[in-house]
Amino acid sequence: MDGMRQRLRPPSFSGRLHDARTATVIGRWLGAAIAVCFLTGLVSHWLQHPPRWLVNELPPRPVWGYRLTQGLHVASGLAAIPLLLAKLWAVYPRLWVWPAVRSVGHGLERLSVGVLVAAAVFQLFTGLLNIVEWYPWPFSFVPVHFAVAWLVAGAVLLHLAVKAPQIRGHWGRRSPGTLALPPEDAPDRRSLFVAVGAAVAAVTLTTVGQAFTPLRRLDLLAPRHPGIGPQGLPVNRTAAAAGVTAATVRNWRLEVRGPRRYTLTLDELRSLPQAEAVLPIACVEGWSASARWGGVRVRDLMERAGASRDAGLRVVSMEVRGAYRVMEMGREYAHDPLTLLALTLNGEVLSADHGFPARIIAPNRPGVLQTKWVTRLEVM
């Protein structure tokens, strides 16, 4: 019996810095990263899947809006990974506190911490796999990611409420709880903070160049590199992946449905008044790059079909499979003069992977909604 008790004894931790001051400082950084990630994630989700009441109110300006918010979303999510690991290192001895549950209140606190840790780990690491487009799970990423984001936000708020006295006591260098800690630990604690900050900086600098192009030369760990790809622009979804072949587009026609329905061949489309716009294409994986697009203004095609100023647009792609084969845009996007049915990219005819014969390009819009291989426009 004594031998069994010896084996069941919880582990002891002799290492220093597993204290409230360390957890509070790293927790502040982690909380800031999660807050930025959560808020920019809401922007991304509502731009991709707007509620019906918001569809016609979403603004197409600034043209770089989604590029900024989604770049911040991915950058803050990646920065949160080393911060989360450091936070868990600071607090993990508390997982072995014995007895495991001392009261109902303590049990509920531990349960809330378990939910917070599990949800945060799930959210950050599935987000990381989404960046590299690897989905080793049976569920749809977007709705689950969105739902768990709210779970993380709620768990963080609950954790802050429960731990408020301890956080307040160790918030600053002169806080009572901080002053009560062994003073000889302070230099090592500062060294730890510098190391964690350096890890966050390294992750950020080697990935943020996929969206912040002045740092593209440091873009060593990101899966996409601005300027590298067909016609100088990265591609997520190829024509082969979408099932679009040369035979598919051989007899291509653009069908425009509205009060005055009509069809156009590619030559007829090219004979219409053309416009150009320098716009970024920004993808949910965090990469973005600007390019010069040329084509026909979507609002001109809609007006020819008899659309009113309040009309929106449904866009149908030739791709045979894909979650975004059909896309809808509200009136503000559809009638913006920079929204094009693009035929050229950087002065060249679109390549197959960039959506030949025609694709949508619009300002301040997620890349998944910049529909390629367009075959039909429907006035709504």
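Values in this document were obtained by computation on a predicted structure and should not be read as measured data.
- Residues Ala33 and Leu83 come closest through the heavy atom pair CB-CD1, 4.3 Å.
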* To do: Verify side chain to side chain contact (heavy atoms under 4.5 Å, CB included) between Arg359 and Gln370, making sure each step is shown before the conclusion.
  => CA-CA 7 Å; Arg359 69 168 299 163; Gln370 310 281 32; 3.4 Å; yes
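- No cation-pi contact links Arg365 to Tyr66, judged by a cut-off of 6.0 Å to the six-membered ring centre and 45° from its axis.
- The number of heavy atoms from other shown groups lying within 6.0 Å of CZ (Arg321) is above 12.
- Within the 4.5 Å cutoff, the side chain of Leu350 has no heavy atoms near those of the Thr344 side chain.
- Judged by distance alone, the side chain of Tyr262 and the main-chain N or O of Leu301 form a donor-acceptor pair under 3.5 Å.
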* Leu377 and Arg314: CA distance, side-chain angles, deciding distance, side chain to side chain contact (heavy atoms under 4.5 Å, CB included) verdict -> CA-CA 6 Å; Leu377 303 178; Arg314 179 179 295 115; over 6 Å; no
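- With sequence neighbours excluded, the residues that form a ring-ring contact (aromatic ring centres under 6.0 Å, His included) with His145 are Phe141.
- Connection of Leu218 to Ile228 is not established within any shared hydrophobic cluster, with ILVMFWY side chains joined at heavy-atom distances below 4.5 Å, either directly or through further cluster members.
- Arg250 places no side-chain N or O within donor-acceptor distance of the main-chain N or O of Thr245, the cut-off being under 3.5 Å.
- For the pair Leu221 and Val203, the minimum side-chain heavy-atom distance is 4.5 Å or more.
- Between Asp185 and Arg21 there is no salt bridge, since no side-chain nitrogen of the basic residue lies less than 4.0 Å from a carboxylate oxygen of the acidic one.
- Remark: Arg61 CZ is packed, more than 12 non-hydrogen atoms of other residues, nucleotides or ligands lying under 6.0 Å away.
- By the 4.5 Å heavy-atom criterion applied to side chains, Val278 and Trp293 are not counted as neighbours.
- Side chain of Arg325 to main chain of Glu319: a donor-acceptor pair is present (N/O by atom type, distance under 3.5 Å, no hydrogens or angles).
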* Between Arg28 and Ile167, does a side chain to side chain contact (heavy atoms under 4.5 Å, CB included) hold up when you go through it step by step? -> CA-CA 9 Å; Arg28 288 203 308 249; Ile167 294 171; 6.0 Å; no
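- Taking the six-membered ring where the residue is Trp, His18 and Tyr92 present perpendicular rings, their angle passing 60° and hence far from 30°.
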* Apply the test salt bridge (Lys or Arg N to Asp or Glu O under 4.0 Å) to residues Glu133 and Arg224: give CA-CA distance (whole Å), side-chain angles for both, the deciding distance (0.1 Å), then the verdict. => CA-CA 11 Å; Glu133 298 186 285; Arg224 297 291 185 275; 2.3 Å; yes
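- Aromatic ring centroids of Trp150 and Phe38 lie under 6.0 Å apart.
- Once rounded to the nearest 0.5 Å, the distance linking NE2 of His335 with CE of Met302 reads 4.0 Å.
- Distance check: Leu72 CG to Ser44 OG gives 12.0 Å after rounding to the nearest 0.5 Å.
- Atom CG in Leu30 sits 7.5 Å away from atom CG in Leu124 (nearest 0.5 Å).
- A donor-acceptor contact shorter than 3.5 Å is absent between the side chain of Gln123 and the backbone of Leu151.
- Taking both residues in full, the closest heavy atoms of Leu58 and Tyr333 are given as CB-CE1, 3.7 Å, listed atom of the first, atom of the second, then distance.
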* **Derivation and outcome, side-chain hydrogen bond (donor to acceptor under 3.5 Å, both in side chains), residues Ser308 and Arg331** => CA-CA 10 Å; Ser308 70; Arg331 61 171 179 251; over 6 Å; no
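- Every ring-ring contact (aromatic ring centres under 6.0 Å, His included) that Phe193 has, sequence neighbours left out, goes to Trp29.
- The backbone N or O of Thr126 lies less than 3.5 Å from no partner atom in the side chain of Tyr135, so there is not a single donor-acceptor pair.
- Nearest approach of Asn364 to Pro59, heavy atoms of both residues: ND2-O, 2.7 Å.
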* Residues Leu343, Val349; criterion side chain to side chain contact (heavy atoms under 4.5 Å, CB included); working and verdict -> CA-CA 6 Å; Leu343 307 176; Val349 174; over 6 Å; no
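- Between Phe146 and His45, the ring planes are parallel. Angles under 30° get that label, and only those over 60° would be called perpendicular.
- The closest side-chain heavy-atom distance from Trp89 to Leu17 is below 4.5 Å.
- Val121 and Ile26 fall within a single hydrophobic cluster, where Ile, Leu, Val, Met, Phe, Trp and Tyr are joined by side-chain heavy atoms under 4.5 Å apart, directly or via other members.
- To the nearest 0.5 Å, atom CE of residue Met380 and atom CD of residue Glu328 are 3.5 Å apart.
- Remark: side-chain polar atoms of Gln231 are paired, donor with acceptor, to backbone N or O of Ser351 under 3.5 angstrom.
- In this view, Trp252 satisfies the ring-ring contact (aromatic ring centres under 6.0 Å, His included) rule with no residue, not counting sequence neighbours.
- Distance check: Arg67 CZ to Cys283 SG gives 11.5 Å after rounding to the nearest 0.5 Å.
- Taken to the nearest 0.5 Å, the CE atom of Met318 stands 5.5 Å off from the OG1 atom of Thr248.
- Counting only heavy atoms from C-beta outward, the side chains of Asp188 and Arg16 approach each other to under 4.5 Å.
- Judged by distance alone, the side chain of Thr265 and the main-chain N or O of Glu268 form a donor-acceptor pair under 3.5 Å.
- Between the side chain of Gln70 and the backbone N or O of Glu285 there is no donor-acceptor pair closer than 3.5 Å.
- Connection of Leu215 to Leu78 is not established within any shared hydrophobic cluster, with ILVMFWY side chains joined at heavy-atom distances below 4.5 Å, either directly or through further cluster members.
- Contact annotation: the side chain of Val326 never approaches that of Val315 to less than 4.5 Å [non-hydrogen atoms, C-beta and beyond].
- Inter-residue side-chain proximity for Val196 and Leu192 is flagged as met; some heavy-atom pair is nearer than 4.5 Å.
- Under a 3.5 Å cut-off, the side chain of Lys87 and the backbone N or O of Thr22 do not form any donor-acceptor pair.
- The closest side-chain heavy-atom distance from Arg216 to Gln210 is not below 4.5 Å.
- For the residue pair Asp219 / Trp287, no side-chain donor-acceptor distance below 3.5 Å is found, with atom types taken as modelled.
- Under a hydrophobic-cluster definition in which Ile, Leu, Val, Met, Phe, Trp and Tyr are linked whenever side-chain heavy atoms come within less than 4.5 Å, directly or via other members, Val55 and Tyr324 are assigned to different clusters.
- A 6.0 Å sphere centred on CZ of Arg174 holds no more than 12 heavy atoms belonging to other residues, nucleotides or ligands.
- Annotation for Pro259 and Gly306: closest pair CG-O, 3.5 Å, computed over non-hydrogen atoms.
- Between Glu378 and Arg376 a salt bridge is recorded (basic side-chain N to carboxylate O distance below 4.0 Å).
- A donor-acceptor contact shorter than 3.5 Å is absent between the side chain of Thr371 and the backbone of Val374.
- Both Ile360 and Leu272 are members of a single hydrophobic cluster when ILVMFWY side chains are connected at heavy-atom separations under 4.5 Å.
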